[in-house]
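Shown next, in C-alpha cells, is the structure this report addresses.
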Amino acid sequence: MKRIILPLVIASTLAGCKQEQAEVVQSVDWYKENTVERAERLAQCRANPGELADTPNCINAEQAESLADTSKRGGLDVQPMSDIKLGR
C-alpha cells in the first residue's frame with residue numbers, strides 16, 4: 001500500500017504543475033525607443049494591475065513612460081551642490 005501512495009502523491013503534484021512560457025523582459029531603454037509596444041504594455045498593465053503591476057515589463061514600461069514624459073517637459077537639470085559647508 002505504501003508503494004502505491006508515494007507515486008500517486010508525486011504524480012498528482014506534478015500533474016498540477018503547468019509550465020508557463022517565460023515572457024521576454026524588455027529593458028527601460030527598449031520601451032523608450034518602442035513607443036507602440038510601450039503603450040500596449042501599459043494598457044495591459046493598467047487593465048489588470050492586481051496581477052501585472054509588479055511584473056518586470058510593467059515596471060520597465062512605466063519607468064520608460066515617466067522618462068519620456070520628463071523629456072517632453074524639458075526635465076530638470078539638477079546639479080549636485082558641492083560648495084555647501086556643514087557645521088561651523
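The model shown is predicted, which means the values in this text are computed figures rather than measured ones.
The shortest non-hydrogen separation linking Ala64 to Tyr31 is CB-CB, 3.5 Å.
Here Asn34 contributes atom CG and Arg41 contributes atom CZ; the two are 12.0 Å apart, rounded to the nearest 0.5 Å. Taken from CG in Asn57 to CD in Glu23, the straight-line distance is 4.5 Å, to the nearest 0.5 Å. Expressed to the nearest 0.5 Å, how far OG of Ser27 lies from CD of Glu33 amounts to 7.5 Å. Rounded to the nearest 0.5 angstrom, Cys45 SG and Glu40 CD are separated by 11.5 Å. Here CD of Gln44 is found 7.5 Å from SG of Cys58. Values are rounded to the nearest 0.5 Å.
Counting only heavy atoms from C-beta outward, the side chains of Arg38 and Glu62 never approach each other to under 4.5 Å. Annotation: side chain of Leu42 is in contact with side chain of Glu65 (closest heavy-atom distance under 4.5 Å).
Enclosure of atom CG in Asp69 by more than 12 non-hydrogen atoms of other residues, nucleotides or ligands within 6.0 angstrom is indicated.
A search for side-chain contact (heavy atoms from CB on, under 4.5 Å) contacts involving Ile59 returns nothing, not counting sequence neighbours.
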